[in-house]
Protein chains: 2
Amino acid sequence: MPRSSTSSSAKSGPVTLAMVARRAGVSSQTVSNAINSPDLLRPETLERVRRVIDEMGYRPSRAAQTLRTRSSKLIGYGIQPAAFSYPVLDRFLHAVSQAAEEAGYRILLFACPPGGPTLEGYEELLDQHEVDGFVLSGTERGDPRQAWLTKRGVPFVGFGRTWSGRPIGDWVDVDGASGTDAAVEHLVALGHRKIAFLGWERGSSSAGDDRAEGWRRAMRRHGLPTRGRRGQSSVNDSDVARAAVKPLLDGGATAVVAASDMLALGCYQTLRERGQTPGRDVAVIGFDDSPTAELLSPALSSIAQPLEAIGRECVRLLLARMAAPDAPPERILLEPSLVVRDSATASLIAGG
Amino acid sequence: MPRSSTSSSAKSGPVTLAMVARRAGVSSQTVSNAINSPDLLRPETLERVRRVIDEMGYRPSRAAQTLRTRSSKLIGYGIQPAAFSYPVLDRFLHAVSQAAEEAGYRILLFACPPGGPTLEGYEELLDQHEVDGFVLSGTERGDPRQAWLTKRGVPFVGFGRTWSGRPIGDWVDVDGASGTDAAVEHLVALGHRKIAFLGWERGSSSAGDDRAEGWRRAMRRHGLPTRGRRGQSSVNDSDVARAAVKPLLDGGATAVVAASDMLALGCYQTLRERGQTPGRDVAVIGFDDSPTAELLSPALSSIAQPLEAIGRECVRLLLARMAAPDAPPERILLEPSLVVRDSATASLIAGG
DNA sequence: TCTCAGCGTTGGATCGTTCAAAAGACACTA
DNA sequence: TAGTGTCTTTTGAACGATCCAACGCTGAGA
């Protein structure tokens, strides 16, 4: 019956390879092989060693493994202050952690200073050999991290494309354009023609531009005009968001696709100020499917990112990069999915 | 001029203590002392060693330090799947990371399985000597973690009280009762008398019961009846939340204090269904001050937790416990602050 | 008959750091 | 001059794992 190391090693400190070896009557290298390359052992030896490992509750010391193999089995993730984070960060972190663990890795969190990530934290972690690689997120135009990590030969994967210049390194991203495109399709099917887009300032956020592009191309495909239907808000200001909606509504828009749930909320507010009801007078679709979306009244339709898949792919690409540093870069574009709720179900054709 | 290890060690691998020692003309122990106990060196030697360290961009290897000192300088945090997390987790994690870094520690994330944290992940991390201690959160009645960690002599700190039986270990918590008490005070000052509380099922969440208690005592202090004014919703179901609000409104409540922003949102919805306007017809105050609170219309008043202070205190208590394993436990109760927004500003007295 | 690759295992060196204790330098006293 | 004490630096040995080059033996191929 397996026993935890607690009881077996109560007085004598941790159980080591050598202790297991002595008890099993083999050398410590054999025990090491039993764990790392079991096929090298004769089946009966393997069985015996394994039994002793279980009996003694042996677990290899990560510090010693790291020192010897020069691999910490840790993946660094720099967490940014709240202002820059996004509403489903917790789900993303859980997904990445889970995927990492399945591959024997863990996530090391470190705090990025406010005002955008600097290289300092990354450099320290690397110089101390504390991590094997990084997962980046919140990469924007002019972000120096990818180029710097590439130059140093450090494995990394971005959640989010590299937007500036030619692409650097591996990344996983969500096809935001495809999401807003699908949103427009859904609205057109409901009978909407005057569909506006509420995003951020042009060029201020690459993901935002991408989402705008999906709207634009779907509109064009249906022969619908986009002029005067694109509203621009600043990133973190709900007042500006509310103001930006007004010209869209003045222009007679019957539906609004927003680049985030926060912007969609701004849209809700402006509608209410005008005595209109979101979902009935004007359809609204958000982006991110944040937890509050389904709690709003009316419940907010939103474009959901496949976070579990994102986490899985991030880890997969990162491990592949570690295994083959010179392999050609791999880029994964995942499809988001439109979650339809009350804010975008009423049909314009049937009248409502 | 300090140079990163990149350039100095481009071909020869990492800069080690021995390399610094050779270049500085001292033994490696002296270099170690220069870093860990500078007062042992003669000032001029110290100066010389330090210059070489800078020149070569030397940074000690954490793995080697960990192996030798048996301290990884890592703090474990088990992240739970989204359903159990709470809306300001990202800010909490950033705060803890930051505080940890200032003390030379980092946060190691690991994924807890859905359905509540198990001991397995904690045991593995400990047996492998991967972490020095833990920060726990989401502790509820019957949570086995504190007792188990205490028995094994592992340092930990809870964000959230231990509720079952007598208290175990150190913790940092927010005085939820004080928060809801203050909310009631604020509402009373506005002229409200019929103030309801919307919480979770009695006993299902200890923090929820605590928040209810603050409401009850403040009501009692003002001689206001609480009977029939406490609504109970289940934890993660917005339909139930909406239903639970109805009897409260039927009872003539002019204000609702909710145990979370999500519940407050359910309250918004029910009000709208009845053609009433939150903030004008019925005042609403939420809890957590999640990012969406200020984006709602009307902007939701909410009780904000001092997350930076929480992170700081968590780290402080944890380090203190590591330094003195047998010291009496320390418990910190922090005051939340009421953030007043449009959902609770209209005075009942002046009429509105 | 001789060479040699392969079998499963072992001993020894090594990763980079810190700890404990010894050694050297130097001044001061007897 | 030898002895004592203080201050500074060095030496040698861990810490716990993995990598490398053997070990002695067997059977196949030349």
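Proteins come first, then strands; the chains are lettered A, B, ... in the order of their sequence lines, and each starts at number 1. Keep in mind that the numbers below use all heavy atoms, side chains included, and drop hydrogens, waters and symmetry copies.
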Reckon A:Ser61 touches a base, only the sugar-phosphate, or nothing at all at heavy-atom distances under 4.0 Å? sugar-phosphate
Whichever of B:Thr30 and A:Gln65 has the more 5' nearest nucleotide on DNA chain D, that residue is B:Thr30
Give a yes-or-no answer on whether the side chains of B:Thr139 and B:Asp143 include a donor-acceptor pair shorter than 3.5 Å. no
To the nearest Å, how far apart are A:Leu67 CG and C:dA13 P? 17 Å
Tell me the interatomic distance from A:Gln128, atom CD, to C:dT17, atom P, rounded to whole angstroms. 10 Å
Which part of the nucleic acid, if any, lies within contact of A:Leu41, taking any heavy atom under 4.0 Å across all strands shown: a base, the sugar-phosphate backbone alone, or nothing? sugar-phosphate
Any side-chain N or O of A:Gln29 under 4.0 Å from OP1/OP2 of C:dG11? no
Between D:dT6 atom C1' and B:Asp39 atom CG, what is the distance in whole Å? 15 Å
Nucleotide D:dC19, atom C1' - distance to CG of A:Leu40 in whole Å: 13 Å
Rounded distance (Å) that lies between atom P of D:dC7 and atom CD of B:Glu44: 16 Å
When rounded to the nearest 0.5 angstrom, what is the spacing between CD in B:Gln80 and CG in A:Asp90? 11.0 Å
What contact category does A:Ser28 fall into here, base, sugar-phosphate, or nothing, at under 4.0 angstrom with non-hydrogen atoms? nothing
Counting side-chain heavy atoms from CB outward, which of C:dG16, C:dT17, D:dT18 is closest to A:Ser32? D:dT18
Is any side-chain N or O of B:Ser27 closer than 4.0 Å to OP1 or OP2 of D:dT10? yes
Residue that, paired with B:Tyr77, satisfies side-chain contact (heavy atoms from CB on, under 4.5 Å) out of B:Val131, B:Val135, B:Val96: B:Val135
Give the rounded distance in Å between these two atoms: NE2 of A:His129 and P of C:dG16. 8 Å
Can you tell me the distance, in whole Å, between the CZ atom of B:Arg22 and the P atom of D:dT11? 13 Å
Report the nucleotide, chosen from D:dT10, C:dT10, C:dG16, that has the shortest atom-to-atom distance to any side-chain atom of B:Asn33. D:dT10
Of the listed C:dG16, C:dT18, D:dA17, the closest approach to the A:Ala64 side chain comes from D:dA17
Remember a base hit wins even if backbone is also touched, and classify A:Thr45 as base, sugar-phosphate or nothing at under 4.0 Å, heavy atoms. sugar-phosphate
Would you mind telling me which of D:dT11, D:dC15, C:dT17 lies closest to the side-chain atoms of B:Arg70? D:dC15
Please find the pair of heavy atoms, one from B:Gln146 and one from B:Leu136, that lie closest to each other, and give the distance. CG-CD1, 4.1 Å
Less than 3.5 Å between a donor and an acceptor, one on the side chain of B:Arg68 and one on the base of D:dA14, is that the case here? yes
What is the distance, rounded to the nearest whole Å, between atom CZ of B:Arg62 and atom P of D:dG16? 16 Å
Do A:Thr16 and A:Tyr58 meet the criterion of a side-chain donor-acceptor pair at a distance under 3.5 Å? no
Identify the heavy atoms of B:Leu307 and B:Ala95 that sit nearest to each other, and give their distance. O-CB, 3.5 Å
Consider the side chain of B:Arg42, meaning its heavy atoms from C-beta on, and name the nucleotide among C:dC15, D:dA17, D:dT8 that approaches it most closely. D:dT8
